[in-house]
Number of protein chains: 2
Amino acid sequence: MSEQLGVAAGLVRLSFLVQSVYGEACEEHELTPPQAQLLCVLRDAPRGMAELAQTLRLEKSSVTGLVDRAERRGLVRRVASRADRRAVRVELTPAGETLAGTFHQAASQRLSATVAGLTQRDRARLAAIASDVLEAAQVPAVFADESAG
Amino acid sequence: MSEQLGVAAGLVRLSFLVQSVYGEACEEHELTPPQAQLLCVLRDAPRGMAELAQTLRLEKSSVTGLVDRAERRGLVRRVASRADRRAVRVELTPAGETLAGTFHQAASQRLSATVAGLTQRDRARLAAIASDVLEAAQVPAVFADESAG
DNA sequence: TATTGTTATACTCTATAACTATA
DNA sequence: TATAGTTATAGAGTATAACAATA
């Protein structure tokens, strides 16, 4: 039995653990974490480049490169907007949609396994507390929920 | 009031939030997240390169570069081992020690602020549940605890 | 003028493969 | 042979600054 961590250290270490598990799911699907994030965001709906920059917390020029590489791999495509001739909408290709779905499922399973040792009650508490924190922080939904909840 | 997330989505989104807050503390101190992690690990004790690779989950060659850049910035230094002439020990310089300390404090404060909206009881539950998960997962301590608890 | 997006550039981070030196 | 660490190389990711095109 190790000592009880403070909440700050607990959050940091837990987040590194989660990122590590998420990264394993990425490797399994030959995705880098930023690419996986991109696909997961686009699963919800197509986005413009500026919108992606805001959601992913990146500079516009970084999004250009990220989308370039995903497009080169056939996972997303740029579609010209008809309303605004400056703008593009980035959307998943069928291959990207499939990959995004299987990735999301695999990541969810790995994360569930990571907390499988907790009691049912503690898992519910963890989910509830996380929801509270996220709601207060107004975080963009960068990973979809698919719980029965 | 948004819906209650499932535990997998809650963990992923929470971890992105925490990484983002951690990243802000990094920027404030002109550190990249991997550099900050390196300093925080070395705060505990000097380490060999192979040991660092394991703790940070990086290849040895990646650690070489990370330590190179930190050393160039005067934050760490390589000290030849006397027991094993192949080996080096990486340790914090005084400047690195100071920076590591103020970074850790700043990050802790930001994280505490992030969960300040929770009840005292929920914060304690979150810390306890995180401890349980981390203990089960055998995670290396990449961010020190300095709570009273 | 403001916004959308790209290009040019530079640096950090990371892995793989091949290497040196020591154990 | 195995281990500790570095070098060479290549690619992803990121930011800043400057730019083009459209609103």
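Every chain is numbered from 1 and lettered A, B, ... according to where its sequence line falls, protein lines coming before strand lines. Note that this is a predicted model, so its numbers are computed, not measured.
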Rounding to an integer number of Å, can you tell me how far [X] [atom1] sits from [N] [atom2]?
{"X": "B:Gln54", "N": "D:dA4", "atom1": "CD", "atom2": "C1'", "value": "14 Å"}
{"X": "A:Glu51", "N": "C:dG5", "atom1": "CD", "atom2": "P", "value": "9 Å"}
{"X": "A:Leu66", "N": "C:dT6", "atom1": "CG", "atom2": "P", "value": "12 Å"}
{"X": "A:Arg73", "N": "D:dA12", "atom1": "CZ", "atom2": "C1'", "value": "11 Å"}
{"X": "B:Arg47", "N": "D:dG5", "atom1": "CZ", "atom2": "P", "value": "13 Å"}
{"X": "A:Leu52", "N": "D:dT14", "atom1": "CG", "atom2": "C1'", "value": "16 Å"}
{"X": "B:Glu30", "N": "D:dA15", "atom1": "CD", "atom2": "P", "value": "16 Å"}
{"X": "A:Asp68", "N": "D:dG11", "atom1": "CG", "atom2": "P", "value": "15 Å"}

Donor-acceptor contact present, side-chain B:Ser147 to main-chain A:Leu5, <3.5 Å: no
Between the side chain of A:Gln37 and the main-chain N/O of A:Val142, is any donor-acceptor distance below 3.5 Å? no
Would you classify B:Val63 as touching base, sugar-phosphate or nothing, given that sugar-phosphate means primed atoms plus P, OP1 and OP2, and contacts are heavy atoms under 4.0 Å? nothing
So if I take residues 32-42 of chain A and measure heavy-atom distances to DNA chain D, which residues fall below 4.0 Å? A:Thr32, A:Pro34, A:Gln35
Counterpart residues, salt bridge (charged side-chain N to carboxylate O under 4.0 Å, His left out), relative to B:Arg73 (two or more places apart): none
Taking only residues at least two apart or on different chains, which pairs with a member in residues 119-145 of chain B satisfy ring-ring contact (aromatic ring centres under 6.0 Å, His included)? B:His104-B:Phe143
Can you list the residues that meet the side-chain hydrogen bond (donor to acceptor under 3.5 Å, both in side chains) rule with B:Arg47, with sequence neighbours excluded? B:Asp44
side-chain hydrogen bond (donor to acceptor under 3.5 Å, both in side chains) partners of A:Glu59, counting only residues at least two apart: none
Only distances under 3.5 Å count here; give the side-chain donor-acceptor pairs of residues 18-27 of chain B to other protein atoms, sequence neighbours excluded, each with its distance to 0.1 Å.
unit_1	atom_1	unit_2	atom_2	d
B:Gln19	NE2	A:Ser15	OG	2.7
B:Ser20	OG	A:Arg57	NH1	3.1
B:Glu24	OE1	B:Arg110	NH1	3.0

Respond yes when some side-chain nitrogen or oxygen of B:Arg78 is under 4.0 Å from OP1 or OP2 of D:dG5, and no when none is. no
If the sugar-phosphate is the primed atoms plus P, OP1 and OP2 and the base is the rest, what is the B/S/- string for nucleotides 15-23 of chain C, using protein heavy atoms under 4.0 Å? BBB---BBS
Just grab all the salt bridge (charged side-chain N to carboxylate O under 4.0 Å, His left out) pairs involving residues 88-98 of chain B, residues at least two apart or on different chains. B:Arg77-B:Glu91
With respect to the side chain of B:Arg69, which nucleotide from C:dT12, D:dG13, D:dG5 is positioned closest? C:dT12
Once side chain to side chain contact (heavy atoms under 4.5 Å, CB included) is applied, do any residues pair with A:Arg82, and if so which ones, sequence neighbours excluded? none
